[in-house]
Amino acid sequence: MIKTPDTEELPAQYDARQTESAIYQRWLDADLFAARDSRSARVGGDREPFVIVMPPPNVTAVLHMGHGLNNTVQDVIVRWRRMRGDEALWIPGTDHAGIATQNVIEKQLAAEGSTRFDLGREAFVERTASFVAETGNEILRQLRSIGASCDWNRTAYTLSPALSHAVREAFVQLYERGLIYRGHRVIHWCGRCMTSLSDEEAQHGDEAGKLYHIAYPVVGTRQEKLTVATTRPETMLGDVALAVHPDDERYRDLVGQMVRLPIAEIDIPVIADEYVDPAFGTGVVKITPAHDPNDFEVGVRHKLSMPVIMAPDGTMANGADAGSRVPASLVGVDRFAAREQIVSLLEKLGSLGRTEPHAHAVRHCYRCDTVVEPRLSDQWFVKMKPLAEPALAGVRDGTIRILPERWEAVYINWLENIRDWNISRQLWWGHRIPVWYCDSCGEQVVSRTDVSACTKCDGPVRQDEDVLDTWFSSWLFPISTLGWPDKESPSLAAFYPTDDLVTAPEILFFWVSRMIMAGYAFMGAAPFHTVYLHGTVRDTEHVKMSKSLGNGIDPLDVVEAYGADALRYTVISGMGMGADLVLDHRDLERSFAPGRNFATKLWNIGRFLLSKVGNETVQSPDSVADGDLDLSDRWILGRLDATIAACDAALGPARPGGGRWTEAERFSGLRLSEYAESARAFVWNDLADWYLESTKFRIESPGPGRDAARAVIVHVFDQALRLLHPIMPFITETLWQRLPESVAGSRGDFIATVAWPERSSSSPERDREIADFEIVKEAVTAIRQLRSDYAIPPGKPIEVFVSQNRNAALFGKNAPLIGRLTRSSTSMGAPASAQGAAHLLLSDGSELIVPLGGLVDLSKECGKIRGELEQLETQLQSLSGRLRNEGFIKRAPASVVEAERRKEGDWLKRREQLADKVKALCGG
RNA sequence: GGGCGAGUAGCUCAGUUGGUUAGAGCGCCUGCCUUACACGCAGGAUGUCGGGGGUUCGAGUCCCUCCUCGCUCACCA
């Protein structure tokens, strides 16, 4: 695209809505976000690859602030690296979200008075697929409106043919390596979603329950009873034993005897097992192997039967080997209603002892919050210990870092105690488990390709009915999106391993740690070197934002009202490392003010500057004759350098220098809010408040001064826009396109792909010039303070005399500037009469005298100076005390002592000056 | 119960290996519609750095302890 410098004034108001979509389209047309395999240095190209894989949102999801924050962070990083010359690749995608998506369709069916069973599996899957085909990319489209610079050509979907192929390959490989097995055990079951869940999906929640004491009569005795304490009396129908601790004296004689299970009227044995804690409850535990994971272990140890007494939907039922333990009156009754009924039954039978309140943690389904039912069943599991080992080592040895640092401990703690992963889901929507069973010979065939007959006896086979956990496909995302399992995939060679993974801590276990395991398991290398965990978006009460709670913010509303740049800036600047982002959903205006105000400021700076600079070509500051640059020019160029350095430091190293993070760099960088603040402060406080104000006059009078100012302004603004572009891509692109051409030649077509700013070398001379301008600023500020103190109207001209001047040349040259910035006439020398004048002492020792006629309040002036003197005395005292302290002189580093000495000298001089002033003004 | 972390201005947070007079944004107060910007300009106020103890010439920073809050894991029925 050709840049179009525009002499016409920019519109007074920046119209984000109109501008943003047009610019985004131009970026797409120019194909700026497409990464090419061949350009990666790993395959002989000349650019370092830099890759981020997007945490794939659910296909059913619509954009919320959590996505807004997550993707803004990724986009800022990717845009930064793109400008740094990396072959930057951001892979977008969605996740088929087994349970969530199936729920959506089942709800639709329910509204139509139908169920998935009415429809049948094939038709149901077809319907779901077409729903997804229609709506599935909505969230990715929405991401474009916040400026996401993804390589859309590579958009991935976990249930696509390519990624499904990867899933099947992963399953078969792990099976062949003995890391996948079918297990018969108690798992977490959600009776609402009608599926089993992994440990991670069954989350603990505190509940106020009750501890019911139930008496079991000992068979063959008249009176003797054993009392157990349980929180779940409804499971008693599945009891197969009572257990006591082998060393528990109270019950030793009873071990081996039988007790009678009330209601079911069945005799069960009393057994001894170490698992029992004699100190808890009565020291007797009812053993229900099919409905409690611990009881299951006991059952295995003691070879007990394992009756299942509930149906999958959580109603009481006479399961396969339940032996009709459930009385007819309870069959079909929901487990919680059954609890009440059983309690009252026991009460009638005289078997219920006391009931006491008992707080305990109960697992809930992470999708629908239903209380999870432990249930005995057959599921496929991944053996995790062997997979966890390299993943642990990777973080321990610095191959992978996790930011903020504290999450590394959490990660390690989890992996050290990892348990096998149940990957079977009793759903229809997902990757069907690639296992076929032969009914004739019992063979179990695990295969990469579909199987139609038994490989052993050629008999008929049926495929496992279950699908895989959705996370079993998303844990492959960094490799499957790049072409795995095709080892020849050029993208895999060019872009694996990737670089950063940006997400919320909630899915550290669900997803991040499993991706790391998969990376090592299938590629032999970590999938990324940096995990960046950002905070959560919360409302002003610190409650997590969510649509269902009604405290959410729709990012598209924000984009509509204030623009994507405002959203992005607000999010980035408000988010410290790992800190939560607090926004007020009732007051978007206020919440997004930081971004909106800054965007407007930027726009107005651009408007002002472009109208003053005109559209004739500009020189580069390097080519301006040295004498034509004035103090403010040198100062702003110095500030620019410092700002570039500050931004670079905040962003830090993009990748570990030598393959692994060193201690020094490990937890540095990605301080996005600091980067944003450095860039903002430069633009607003340095460029707008001081430089532009200082240059206003010069730029309007033709001559070399004007040319120099134009060169510097355009250069500095160009660089500032570049620094801000990753955060505010749209407005920076818009303004940048309007910058006049430089004689140095074309800058490039898009700021999005132009080079990131580099610092020019600093020199002691430049440092001194920066310090000089700071003195000028101090003079200006002091005079403005004076105006404010004496309530002198802003429009009223005043006179300022610079006397006792220790920087005569500096003030002589800059007196007109000081005058303009303070609406005063500033001159060198002393006023005819210092009577009724205010006195300002600057830190360099210079003195400004401002005659105020009758306005001056002598006692006020004295009070001010005395106050300052007093404060200085106090500080001087502690400083001098420190310098008299031998311990300090001897033990503190010489440089520190030296600095303190110099400071003491300065302060002594200033004290003398202040004291003189007091004497002169206040009569001693 | 195990592991981890946090408590700094009214709010959200920075404060690098201990070393000036502890910072920023927002909010607040005062005065200004100064022809780029009132979504702005200029000026201003605000901290027992959670409490207590210790190490040190020197502690917001290191150690101990207590209090409060948070995260995370977890089979005491």
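Residue numbers begin at 1 in each chain, while the letters A, B, ... track the order of the sequences. Everything numeric in this text was worked out from a predicted model, so none of it was measured.
Not one N or O on the side chain of E408(A) forms a donor-acceptor pair closer than 3.5 Å with the backbone of V395(A).
Nucleotide G25(B) holds its P atom 6 Å from the CD atom of E677(A), rounded to whole Å. Here the P atom of nucleotide G5(B) and the CD1 atom of I402(A) are 14 Å apart, to the nearest Å. Per the geometry, CG belonging to D584(A) stands 13 Å off C1' belonging to C26(B), to the nearest Å. Rounded to an integer number of Å, the gap from CH2 of W407(A) to P of A6(B) is 13 Å. Atom-to-atom, CD of E297(A) to P of C76(B) comes out at 14 Å; the value is rounded to the nearest Å.
Between the side chain of Q203(A) and the base of A74(B) there is no donor-acceptor pair of N/O atoms closer than 3.5 Å. Donor-acceptor pairing under 3.5 Å, judged by distance alone, is absent between the side chain of N417(A) and the base of G3(B).
Closest approach to the H360(A) side chain among U20(B), A36(B), A77(B) is made by A77(B) (side chain taken as heavy atoms from C-beta onward). The side chain of E674(A) sits closest to G15(B) out of G19(B), G25(B), G15(B). Taking the side chain of A409(A) as heavy atoms from C-beta on, and the options G40(B), C4(B), U72(B), the nearest nucleotide is C4(B). For F608(A), the listed nucleotide lying nearest its side chain is A36(B); candidates were A36(B), C4(B), C75(B). In the set A77(B), C37(B), U34(B), U34(B) carries the atom at the smallest distance from any side-chain atom of R823(A). Checking A77(B), C37(B), A74(B) against the side-chain heavy atoms of V285(A) singles out A77(B) as nearest. Closest to the side chain of N413(A), out of G25(B), A77(B), G2(B), is G2(B). The side chain of R607(A) approaches C37(B) more closely than any other nucleotide in the set U72(B), C75(B), C37(B). Nearest to the side-chain atoms of Q871(A) among the listed nucleotides U21(B), G3(B), A36(B) stands U21(B). Taking only side-chain atoms of D689(A), from C-beta outward, the nucleotide of A42(B), A36(B), C76(B) with the closest atom is A42(B).
No engagement by E663(A) is indicated, since no non-hydrogen atom pair under 4.0 Å with the nucleic acid exists. The residue E408(A) sits apart from the nucleic acid: no heavy atom pair falls under 4.0 Å. Across all strands shown, R680(A) has heavy atoms under 4.0 Å from sugar-phosphate atoms exclusively, and none from any base. Residue H291(A) is classed as having no contact, given no heavy-atom separation below 4.0 Å to the nucleic acid. Note on R596(A): a base of the nucleic acid sits closer than 4.0 angstrom, heavy atoms only. Counting non-hydrogen atoms under 4.0 angstrom, H204(A) reaches a base of the nucleic acid. Base contact: T600(A) has a heavy atom under 4.0 Å from a base atom. At the heavy-atom level, W603(A) lies nowhere under 4.0 Å from the strands shown. At the heavy-atom level, R363(A) lies under 4.0 Å from the strands shown only through sugar-phosphate atoms. Residue-level contact check: T540(A) touches neither bases nor backbone, having no heavy atom under 4.0 Å from any strand. No engagement by E506(A) is indicated, since no non-hydrogen atom pair under 4.0 Å with the nucleic acid exists. As judged by a 4.0 angstrom heavy-atom cut-off over every strand, A899(A) is placed among residues making no nucleic acid contact. In this structure, K796(A) reaches neither bases nor backbone, as no heavy-atom distance under 4.0 Å exists between it and the strands shown. As judged by a 4.0 angstrom heavy-atom cut-off over every strand, F509(A) is placed among residues touching the sugar-phosphate backbone only.
Here W684(A) reaches the OP1 or OP2 of C41(B): one of its side-chain N or O atoms lies under 4.0 Å away.
The one candidate from R339(A), H291(A), R335(A) that meets the side chain to side chain donor-acceptor pair (under 3.5 Å) condition with E234(A) is R339(A).
In this structure, K601(A) is not positioned above the aromatic face of W603(A) in the sense of NZ or CZ being under 6.0 Å from the six-membered ring centre and within 45° of the axis.
Of the C1' atoms belonging to C32(B) and G18(B), the separation is 46 Å, rounded to the nearest Å. Taking atom P on both G44(B) and A38(B), the two are 23 Å apart, rounded to the nearest angstrom. For the C1' atoms, the distance linking G50(B) with G7(B) amounts to 6 Å, nearest Å.
Annotation: side chain of Y675(A) is not in contact with side chain of L670(A) (no heavy-atom distance under 4.5 Å).
Base pairing analysis places U48(B) opposite nothing; no Watson-Crick or G-U wobble pair with both distances below 3.5 Å involves it. Nucleotide G10(B) has C26(B) as its partner under the Watson-Crick or G-U criteria, with both atom distances under 3.5 Å. Pairing partner, G31(B): C41(B), with both Watson-Crick or wobble hydrogen-bond distances short of 3.5 Å. Nucleotide C69(B) forms a Watson-Crick or G-U wobble pair with G5(B), both donor-acceptor distances falling under 3.5 Å. Nucleotide C75(B): unpaired (no Watson-Crick or G-U wobble partner with both distances less than 3.5 Å). Under the Watson-Crick or G-U wobble criterion, with both distances below 3.5 Å, U55(B) is left unpaired in every strand shown.
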*Do R232(A) and D292(A) pass the salt bridge (Lys or Arg N to Asp or Glu O under 4.0 Å) test, and can you show the C-alpha distance, the side-chain angles, and the key distance before you say yes or no?*
CA-CA 10 Å; R232(A) 307 192 54 211; D292(A) 183 286; 6.0 Å; no
*When you look at R596(A) and E589(A), which way does the salt bridge (Lys or Arg N to Asp or Glu O under 4.0 Å) test go after all the steps?*
CA-CA 9 Å; R596(A) 184 199 55 170; E589(A) 175 95 11; 2.7 Å; yes
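With ring centers used as reference points, F509(A) lies 6.0 Å or more from Y411(A).
Separation of atoms CZ (R738(A)) and CG (L609(A)) is listed at 13.0 Å; rounding is to 0.5 Å. Distance check: L817(A) CG to K696(A) NZ gives 12.5 Å after rounding to the nearest 0.5 Å.
Mapping V896(A) and G574(A) onto RNA chain B by nearest heavy atom places G574(A) at the nucleotide closer to the 5' end.
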